[in-house]
Participant: 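Pasting a structure below so you can have a look.
Only heavy atoms go into these numbers, but all of them, side chains included; no hydrogens, no water, no symmetry mates.
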Amino acid sequence: MSVALTSSTATKAVAAVNGYHTNGNATSNDPSIERVQIIDDEKRFTSDLTPQIERWGLQNAGFDYDIVAVFGSQSTGKSTLLNRLCGTNFDVMDETRRQQTTKGIWMCRGKGMNVMVMDVEGTDGRERGEDQDFERKSALFSLASSEVLIVNLWEHQVGLYQGANMGLLKTVFEVNLGLFGKKSADGRSQRTLLLFVIRDHIGTTPLANLQATLTADMNKIWGSLSKPPELNDRQLSDYFDLSFAALPHKILVPDKFEAGVQDLRKRFTDKSREDYVFKPMYHKRIPADGVAFYMENIWEQVQSNKDLDLPTQQELLAQFRCDEIATVALSEFNEQAKPQRKPIESGKVVEGLGNMMRSWKAGALARYDRDASRYHQGVYKRKRADLISVIDSTISPLFLGQLKNLHKACLVSFKKEMVDGMRGDSYDFAEIVKTARTRCEKRFLEGAKEASLEDTDWSYEEEFTLLSEEVKNVADQCRKDETKKMVNVIERNFKRNISEPVDLYLNKATPDMWDKVLKAFRETLEKAESSYLTKAKSFSCTDEENATALSTLRKRAWLALRSKIDEQTSDAAFLAKLRTHFEELFRYDEHGVPRVWKPEDDIDGAFKKAKDRTLELIPLYSKISPIEPSLAYTLPSETSDSLSAEADDFDFPSTLLIFSETKAVDLTNRFRKDADAYYVEAKRSTVATMAQIPYWMYGVLVVLGWNEAMVVLFNPLYFAMLLVLLASSWFIVQMGLVGPVFQVLRTVGNEIQRQVSNRLREHFSEAALAQPVRTQPIEDQLENDEIKQEVRVKRERF
């Protein structure tokens with residue numbers, strides 16, 4: 001730290017001692033006895049102590065030096081005593097004026113001695129008045145840093161509490177015990193010699209009695225100290241040794257005074273004396289080159305200790321009254337703020353909260369200022385700052401709650417505006433997001449700024465950042481949802497558009513069947529992708545999002561195509577296709593005319609040809625393999641790669657396979673059973689043509705039914721019924737119901753004819769089968785054993 005010296009003290013700092021004078025001052029240019037103010041009256045530690053120690057010649061003294069300080073009331077001759085004892089050149093008081101001489105703490109080297117002498121500002125001076133802060137701190141600093149502390153006091157002060165500075169000593173001892181009372185690294189407690197120098201001793205009271213009084217007072221003070229728990233059993237003798245000396249009156253008996261001083265000086269210089277004061281046990285064991293740093297650290301600890309900051313009576317009164325006034329003001333403030341806490345806690349945004357808080361705060365401070373400003377200004381300002389801090393901490397939750405409620409309300413409003421804006425088929429998503437976000441952030445900022453108080457460090461930036469992030473997340477989620485919805489709509493349209501071409505091409509088994517299917521797939525997919533890209537522009541989708549969505553669309557499109565193919569190639573559907581194809585080849589000729597098999601027809605050749613050509617369809621349907629090279633290249637390179645990027649478990653080449661070899665064999669066997677049934681039916685029809693109804697049977701029916709016809713004509717009842725039928729027929733003709741009636745009759749007649757024909761055919765077939773037509777049974781001509789057995793069963797049943 002730098003030291004600011006007054007003009008008067010600065011000129012005296014370079015003074016030196018050359019000899020004794022009546023006032024104790026001396027002049028010399030000897031740098032060994034220059035003095036330095038180590039702590040000024042503004043409590044700042046000097047940075048000149050280290051160079052001064054070097055000028056004193058003590059830089060390399062090691063432990064061969066000592067430190068002594070003086071403590072006592074102002075104007076008791078402390079500086080004069082030090083000048084006489086140690087040959088220093090401290091300023092002394094002008095006895096005609098009785099005013100403060102030493103300000104702060106000064107240090108000088110003793111003449112002819114390796115002793116650093118500290119002259120400490122006196123206590124109980126009128127210049128500082130009730131401000132005892134420096135007195136306590138300077139006393140504690142002197143006690144902690146010196147080996148010998150001279151306590152300078154008048155004889156008449158012995159036995160007094162304040163006059164002998166016992167209250168100050170108690171405070172200093174108590175703080176010193178807490179700060180420096182622990183044992184050092186070598187296990188010993190630091191000891192200090194307290195040398196009580198009793199001034200103006202006239203001899204009426206023996207020194208022994210004065211010594212006993214002071215010793216008793218010191219032990220009493222020590223017993224009343226508030227000690228740390230670990231030092232509760234420590235005694236005064238564990239830290240301090242007490243020594244006593246008396247000096248006659250300086251003015252009345254100057255010769256005796258000078259003799260007493262010289263005798264006392266020998267205790268500082270003669271190491272052979274038993275009462276030599278600088279004993280090794282008192283040394284702080286700090287090398288001389290480290291004294292400045294050591295003292296500066298002690299002063300920093302003393303300065304930062306709050307136990308020394310004891311208030312004056314005026315400050316105590318101000319503290320008491322200011323606390324009362326602040327409590328009343330704070331109570332009124334709390335009553336005003338209480339009604340708004342519940343709405344905030346329930347999640348509501350209180351309109352005009354900032355203005356209300358400003359009004360509450362201004363009212364509380366005005367009430368405090370009106371009643372408390374008359375008291376001690378330092379306490380008043382400190383307590384006002386405390387009141388402001390309490391008020392701010394009280395309404396800070398309201399501010400934070402308002403921000404959170406604003407956050408939620410703005411986010412809900414943003415979501416609602418997004419939902420309302422996306423209703424309908426045509427909308428600009430990017431514009432909706434921009435508009436909604438601008439309104440949301442504007443509303444939050446207006447509310448947050450209104451709720452902020454100007455003289456606080458409150459900030460809404462963090463909450464605003466969180467809101468912006470959540471708004472962005474909601475917008476991104478809406479965009480993703482809308483993108484998925486759009487992809488789903490495009491997928492449904494794709495399925496609807498691809499369904500009919502796939503049904504058409506797969507129902508007509510041609511060599512280029514897969515080319516047609518894949519061409520239709522590619523064209524439909526291109527339209528779907530174009531539709532997506534057109535709509536995606538309004539969503540402000542990134543290229544990566546578009547790539548992902550298109551990849552998903554391609555995958556779903558291909559899976560939709562494959563699902564439709566699987567639907568058309570299921571076992572039942574595919575066997576139906578095979579049966580239909582086989583039936584067209586076997587039961588119809590090349591002109592599409594149904595065949596009526598006759599015994600002379602080559603049923604076996606037609607059956608084999610139709611069956612072989614039908615079985616050729618199974619390899620065609622078993623795998624998606626277009627003939628056109630461009631189609632075969634496009635799908636694996638574009639579709640499969642994009643799909644594999646979407647899902648690692650999607651294997652595009654495996655989706656090209658419709659039937660496995662095992663499945664193809666199973667379908668082949670099942671189709672052959674159905675084809676053999678058609679073959680048996682064809683063979684059976686040739687037998688049926690050989691057992692048709694003879695034409696003469698119709699003439700027999702006419703002859704046998706003649707009598708019944710005559711009965712109807714000549715019977716009145718039957719005839720009346722015939723007339724009713726004729727009238728009904730006329731009515732039907734007039735009403736235009738002939739067509740519908742004939743349709744009904746035709747249907748009924750066809751059903752009757754079918755039933756009659758089947759019964760007659762069965763009847764005559766049994767007679768025909770009784771006589772073998774061929775030498776070899778039909779079933780023996782079949783190759784399949786299961787079909788043979790089925791035919792035998794049917795023949796036995798017939």
Participant: Are D270 and K266 within salt-bridge range, i.e. N to O under 4.0 Å?
Facilitator: no

Participant: What pairs with W222 under ring-ring contact (aromatic ring centres under 6.0 Å, His included), at least two apart in sequence or on another chain?
Facilitator: Y239

Participant: Kindly determine whether F45 and W299 satisfy ring pair (Phe, Tyr, Trp, His ring centres under 6.0 Å), including the steps that lead there.
Facilitator: CA-CA 8 Å; F45 196 90; W299 181 248; 7.4 Å; no

Participant: Where the side chain of W56 meets the backbone of E34, is there a donor-acceptor pair that is under 3.5 Å apart?
Facilitator: yes

Participant: Answer yes or no: are there more than 12 heavy-atom neighbours, outside N60 itself, under 6.0 Å from its atom CG?
Facilitator: no

Participant: Can you give the donor-acceptor pairs under 3.5 Å from side chains of residues 201-216 to other protein atoms, not counting sequence neighbours?
Facilitator:
residue	atom	partner	partner atom	Å
H201	NE2	T205	O	2.7
T213	OG1	N209	O	3.0
T215	OG1	Q211	O	2.7

Participant: Quick one: does any side-chain atom of S79 pair with a main-chain N or O of D91 as donor and acceptor, under 3.5 Å?
Facilitator: yes

Participant: Keeping to residues at least two apart or across chains, list the side-chain hydrogen bond (donor to acceptor under 3.5 Å, both in side chains) pairs with something in residues 386-398.
Facilitator: K361-D392

Participant: Ion pair present between D241 and R191, side-chain N to carboxylate O less than 4.0 angstrom?
Facilitator: yes

Participant: Checking side-chain contact (heavy atoms from CB on, under 4.5 Å) against I67, which of V115, V291, I286 comes through?
Facilitator: V291

Participant: Could you tell me which residues satisfy ring-ring contact (aromatic ring centres under 6.0 Å, His included) with Y368, sequence neighbours excluded, listed by chain and number?
Facilitator: Y380

Participant: For H156, enumerate each residue passing the side-chain contact (heavy atoms from CB on, under 4.5 Å) test, keeping only those at least two apart in sequence or located in another chain.
Facilitator: W154

Participant: Please report the closest heavy-atom contact between S146 and M118, naming both atoms and the distance.
Facilitator: CB-CE, 4.2 Å

Participant: Taking side-chain contact (heavy atoms from CB on, under 4.5 Å) as the definition, give me every residue that meets it alongside K279, ordered by chain and number, with sequence neighbours left out.
Facilitator: M281, Y282

Participant: Any donor and acceptor pair, going by atom type alone, linking the side chain of N83 with main-chain N or O of F90 inside 3.5 Å?
Facilitator: yes

Participant: Would you please name every residue forming a side-chain contact (heavy atoms from CB on, under 4.5 Å) with L466, sequence neighbours left out?
Facilitator: H407, E463, E469

Participant: Please enumerate all residues that pass salt bridge (charged side-chain N to carboxylate O under 4.0 Å, His left out) together with D371, with sequence neighbours excluded.
Facilitator: R367

Participant: For residues Q52 and R55, is any side-chain donor paired with an opposing acceptor at under 3.5 Å?
Facilitator: yes

Participant: Are R267 and S243 close enough that a side-chain donor and a side-chain acceptor fall under 3.5 Å?
Facilitator: yes

Participant: Would you be so kind as to tabulate the donor-acceptor pairs closer than 3.5 Å made by side chains of residues 322-331, with sequence neighbours excluded?
Facilitator:
residue	atom	partner	partner atom	Å
D323	OD1	K383	NZ	3.1
E324	OE1	R321	NH1	2.5
T327	OG1	D323	O	2.7

Participant: Regarding N152 and R199, is there a side-chain donor-to-acceptor distance under 3.5 Å anywhere?
Facilitator: yes

Participant: The criterion is ring-ring contact (aromatic ring centres under 6.0 Å, His included); which residues satisfy it with F268, sequence neighbours excluded?
Facilitator: F278

Participant: For a quick test of reading the model, state the closest non-hydrogen atom pair linking T46 to D48 and the distance between them.
Facilitator: OG1-N, 3.0 Å

Participant: Counting distance only, does the side-chain N/O of N114 pair as donor-acceptor with the main-chain N or O of D64 below 3.5 Å?
Facilitator: yes

Participant: Is there side-chain contact between M107 and M295, with heavy atoms separated by less than 4.5 Å?
Facilitator: yes

Participant: Would you say K137 and Q303 are linked by a side-chain donor-acceptor pair, where the criterion is simply a distance under 3.5 Å?
Facilitator: yes

Participant: Return the set of residues passing ring-ring contact (aromatic ring centres under 6.0 Å, His included) with F196 (not counting sequence neighbours), or none when no residue passes.
Facilitator: F244

Participant: In chain order, what residues pass the salt bridge (charged side-chain N to carboxylate O under 4.0 Å, His left out) check against E454, with sequence neighbours excluded?
Facilitator: R358

Participant: Return the minimal non-hydrogen interatomic distance between L365 and L387, and the atom names on each side.
Facilitator: CD2-CD2, 4.0 Å

